[in-house]
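Below is one structure, written out as structure tokens; the observations come after it.
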Amino acid sequence: MLNLVLFGPPGAGKGTQSEYLIKKYNLVHLSTGDLLRSQIAAGTELGLRAKQLMDQGILVPDEVVIGMIESKLHENQTPATQSDASLTGGFIFDGFPRTVPQAVALDQLLGTHNTKITIMIALVVDSEELTRRLLLRGQTSGRPDDQNEELIRRRVKEYNDKTAPVADYYSQQGKFAAIDGIGEIDTIFKEICHQIDEAVER
Ligand code: AMP
């Protein structure tokens with residue numbers, strides 16, 4: 001089973017690369033940003049509370065996202081009756097974990113499912129390029145947090161302050177690879193696959 005953490009600041013290309021990786025490795029995509037946006041769309045209380053923070057570019061509390069991931073892992077636990085053809089190849093975690101306590105919780109959760117993180121891959125993109133990409137994405141995505149330069153800079157700062165230490169957490173476990181996130185999508189994809197295949201063989 002391959003469990004991949006795709007890491008990088010907002011606008012680094014995680015969503016795009018996830019789409020390719022899901023197909024190639026038959027993975028289930030778990031994006032906490034997407035899960036939160038669907039809570040907002042459904043008008044749940046959790047969604048309403050999360051929206052207030054997301055609109056300011058601030059992370060939502062750890063227990064909220066950990067709870068969402070826990071229930072998704074549970075939902076996707078493969079029943080013994082399912083045929084082999086439908087077995088998932090694993091999970092791709094996109095936008096999670098974003099803090100060290102989230103990373104610790106994920107290790108514990110995966111442990112209860114008798115599996116673990118294979119590798120964390122970080123897409124590295126400088127903040128000027130991120131701002132350019134996100135403003136461009138904001139023209140079509142309809143995401144309010146992609147339409148305001150100040151908010152984008154706050155999200156990148158939030159990433160640098162709180163999320164970057166997560167890289168050290170995986171690095172200490174020998175499970176971290178950084179990849180240049182600027183360039184052709186296909187070239188970046190091949191490099192990610194190379195890192196995954198090496199980690200799987202280890
Ligand atoms: P994203 O779609 O991953 O860029 O996430 C959009 C927003 O959702 C972030 O700016 C945070 O406010 C919130 N969010 C998403 N994932 C997490 C997470 N793992 N921990 C805390 N907040 C999150």
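Count residues from 1 along the sequence. Both ligands and their constituent atoms are indexed starting at 1 by order of listing. Keep in mind it's a predicted model, so treat the numbers as computed, not measured.
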Arg133 and Asp146 ion-paired at < 4.0 Å: no
With atom 1 (P) of ligand 1 as the reference point, say which of Met54, Arg98, Glu158, Lys14 has the nearest heavy atom. Arg98
With respect to Arg37, determine whether any N or O atom, backbone or side chain, lies less than 3.5 Å from an N or O atom of ligand 1. yes
Leu36 to ligand 1: N or O pair under 3.5 Å? no
Do Gln52 and Gln56 have side-chain atoms, one donor and one acceptor, less than 3.5 Å apart? no
When only distance counts, is Asp145 in polar contact with ligand 1, meaning an N/O pair under 3.5 Å? no
Stepwise side chain to side chain contact (heavy atoms under 4.5 Å, CB included) check, Leu73 with Leu30: CA-CA 9 Å; Leu73 285 177; Leu30 293 181; 4.1 Å; yes
Closest to atom 10 (O) of ligand 1 among Arg155, Gln52, Met68 (heavy-atom distance): Arg155
Show the numbers, then the answer: is there a ring pair (Phe, Tyr, Trp, His ring centres under 6.0 Å) between Tyr20 and Tyr25? CA-CA 9 Å; Tyr20 292 101; Tyr25 294 100; over 10 Å; no
Tell me the protein heavy atom at minimum distance from atom 11 (C) of ligand 1, and give that distance in Å. Ile58 O, 3.7 Å
Flag side-chain contact, heavy atom, 4.5 Å: Gln147 against Leu134: no
Trace of the salt bridge (Lys or Arg N to Asp or Glu O under 4.0 Å) decision for Arg153 with Glu128: CA-CA 9 Å; Arg153 292 198 185 274; Glu128 289 316 304; 3.4 Å; yes
Would you say that more than 12 heavy atoms from the other residues, nucleotides or ligands in this model lie under 6.0 Å from the NZ of Lys175, or not? yes
Arg143 heavy atoms within 4.0 Å reach ligand 1 at atoms 1 (P), 2 (O), 4 (O), 6 (C)
Using distance alone, determine whether Val60 and ligand 1 share an N or O pair under 3.5 Å. yes
Which ligand 1 atoms, with their elements, are less than 4.0 angstrom from a heavy-atom of Gln102? 18 (C), 19 (N), 20 (N), 21 (C)
